[in-house]
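Here the structure comes first, spelled out in structure tokens, and everything after it is commentary.
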Amino acid sequence: MRFKAKKNIYWEDWGHMRRVFIAGRVYDGVLHSDGKVTGYSPYFDVDDYVSADEIEIVN
């Protein structure tokens, strides 16, 4: 599935906040059976859960 970031999303990286998703851009993710979404950041080659109120699922 794909999602659009509603705002810039940051993740903590060893004490530094890194912008992993840019507002308005569409990214790849996985919708899990429990309703949670894992997003993949192409900028840092990492994935983790994203908050449902920070994204919009586009397909």
Side-chain angles (χ1 to χ4, degrees):
M1 56 70 57
R2 302 197 28 94
F3 66 91
K4 182 190 295 186
K6 292 181 181 178
K7 62 180 189 171
N8 289 330
I9 300 174
Y10 296 83
W11 289 343
E12 190 271 332
D13 177 28
W14 294 93
H16 301 282
M17 296 305 290
R18 307 282 186 209
R19 182 174 66 176
V20 292
F21 301 111
I22 298 172
R25 294 193 183 170
V26 176
Y27 299 93
D28 292 324
V30 176
L31 178 60
H32 300 277
S33 60
D34 62 2
K36 293 183 180 180
V37 173
T38 299
Y40 170 73
S41 174
Y43 311 111
F44 294 98
D45 193 31
V46 309
D47 60 352
D48 202 350
Y49 288 112
V50 291
S51 176
D53 60 340
E54 295 178 331
I55 64 169
E56 173 186 337
I57 296 175
V58 294
N59 67 8

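Throughout, numbering of the chain's residues begins at 1 and tracks the sequence. These numbers come from the heavy atoms of this one structure, side chains and all, not from hydrogens, waters or symmetry mates. Predicted model only: the values in this text are computed from it and were never measured.
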May I have all residue pairs that pass ring pair (Phe, Tyr, Trp, His ring centres under 6.0 Å) and include part of residues 32-51, sequence neighbours excluded? His32-Tyr49
For Lys6 versus Ile55, what's the shortest heavy-atom pair and its separation? CE-O, 3.2 Å
Looking at every heavy atom in both Phe3 and Val37, which two are closest together, and how far apart are they? CD2-CG1, 4.4 Å
Check whether any side-chain heavy atom of Val20 sits under 4.5 Å from a side-chain heavy atom of Val50, and report yes or no. no
If you count the non-hydrogen atoms of other residues, nucleotides and ligands that lie under 6.0 Å from CZ in Arg25, is the total more than 12? no
Could you check whether any side-chain N or O of Tyr27 sits under 3.5 Å from a backbone N or O of Pro42, counting only pairs where one atom can act as donor and the other as acceptor? no
Between Met1 and Asn59, the two heavy atoms sitting closest are CB-O, 3.1 Å
CZ (Arg18) and OH (Tyr10) are apart, to the nearest 0.5 Å, by 12.0 Å
Distance, nearest 0.5 Å, that separates CD1 of Ile9 from OG of Ser41: 10.0 Å
Restricting to side-chain hydrogen bond (donor to acceptor under 3.5 Å, both in side chains), what partner residues turn up for Arg19, sequence neighbours left out? none
Report the residues that fulfil side-chain hydrogen bond (donor to acceptor under 3.5 Å, both in side chains) with Asp47, sequence neighbours left out, ordered by chain and then residue number. none
Can you see which heavy atom on Ala5 is nearest to which on Phe21, and at what distance? CB-CB, 4.1 Å
State, to 0.1 Å, how close Asn8 and Ala23 come at their nearest heavy-atom pair, and which atoms those are. OD1-N, 2.9 Å
